[in-house]
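The structure appears below as structure tokens.
Please read all numbers here as calculations on a predicted model, not as lab measurements.
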Amino acid sequence: MENSLSTPSVRDGSARSLDRAALTRRTGLSLPSNFSLTEWKRFGRKLFLISDSSSWWHGDWLVFGQDKYPGRYRQAMEETGLDYKTLRNYAWIARRFPAPERHPQLSFQHHAEVASLEPAERRVWLERAAQEGWSRNALRQHLRQAVSGTADEPKRDEVRLQLRTTPERESVWADAAERDGRDLAEWIIITLDRAAQRQL
């Protein structure tokens with residue numbers, strides 16, 4: 001009997017059992033016509049769990065590669081077929097949240113919403129989201145309200161800057177930010193602040 005959480009073969013696209021009566025393929029899902037509503041909902045929860053967990057798995061896989069094979073992990077990333085920026089985001093979030101700090105009741109996307117905050121703030125917001133049953137979008141809205149006073153209006157004492165650059169330069173900057181454990185915007189601000197202090 002096959003494992004109920006087995007996945008489709010990437011090489012040959014053959015069918016695998018994810019549930020006693022359902023078959024997954026690389027390019028589709030076959031559900032029996034007699035699937036009850038209860039079984040269908042339970043199966044949907046399994047699919048969400050696998051999908052959400054895979055974001056953490058990708059992130060942890062990349063962090064391992066960055067640390068163990070710093071000169072070669074980029075090529076391995078390209079072999080996954082996934083978008084480089086998406087994978088870089090997975091790795092950044094995985095690095096920001098060591099395994100004990102990941103909230104088991106919340107999705108990877110919930111964690112992504114608070115990843116740029118300090119660890120203590122992240123814990124508070126994640127715990128609150130879990131207790132209130134907030135979706136990722138609800139958490140985002142509450143964060144915006146906390147930062148700006150309303151969900152739509154920017155803070156009056158903030159200036160919004162736009163920066164145009166080449167994809168190559170953006171990639172180099174993003175790699176540097178990733179190695180520093182920061183998102184790109186935060187890294188740019190810190191780097192500019194340091195450069196300004198040197199000039200003063």
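The aromatic rings of W134 and H142 lie parallel to each other, their planes meeting at an angle below 30°, with 60° marking the opposite boundary.
Residues F35 and F43 share a closest heavy-atom pair of CE2-CB, 4.0 Å. Taking each heavy atom of L62 and L87 in turn, the nearest pair found is CD1-O, 3.1 Å. Closest approach of A91 to V63, counting heavy atoms only: O-CG2, 3.6 Å. Residues L117 and R122 come closest through the heavy atom pair O-NH1, 2.9 Å. A94 and G59 get closest at one heavy-atom pair: CB-C, 3.5 Å.
Residue W40 is grouped with residue L29 when hydrophobic side chains (ILVMFWY) are merged at heavy-atom distances under 4.5 angstrom, including chains of intermediate members. Note: the hydrophobic cluster containing W173 does not contain I190 (ILVMFWY, side chain heavy atoms under 4.5 Å, direct or indirect links). Cluster membership for I189 and L163, using ILVMFWY side-chain heavy atoms within less than 4.5 angstrom, is not shared.
Between E127 and R123 there is no side-chain heavy-atom pair separated by less than 4.5 Å. Between L139 and N137 there is no side-chain heavy-atom pair separated by less than 4.5 Å. By the 4.5 Å heavy-atom criterion applied to side chains, F48 and S51 are not counted as neighbours. Contact annotation: the side chain of H110 never approaches that of H103 to less than 4.5 Å [non-hydrogen atoms, C-beta and beyond]. Side-chain contact check for E113 versus Q141: every heavy-atom pair is 4.5 Å or farther apart.
Here the straight-line distance linking atom CG of L49 with atom OG of S107 works out to 11.5 Å at 0.5 Å rounding. Note: D52 CG to L47 CG = 12.5 Å, rounded to the nearest 0.5 Å. Distance check, rounded to the nearest 0.5 Å: OG1 of T165 to CD of E170 gives 8.0 Å.
Within the structure, side chain to side chain donor-acceptor pair (under 3.5 Å) contacts touching residues 55-68 (residues at least two apart or in different chains) are D60-R102, Q66-R95, Q66-E178, D67-R95.
As a member of the Ile/Leu/Val/Met/Phe/Trp/Tyr network built from side-chain separations under 4.5 Å, F64 groups with Y69.
Between R45 and E39 no salt bridge is recorded (no basic side-chain N to carboxylate O distance below 4.0 Å).
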Assess whether salt bridge (charged side-chain N to carboxylate O under 4.0 Å, His left out) is satisfied between E121 and R128, documenting all intermediate values. CA-CA 11 Å; E121 285 183 281; R128 195 168 166 206; over 6 Å; no

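No side-chain donor from either of S171 and E168 sits under 3.5 Å from a side-chain acceptor of the other.
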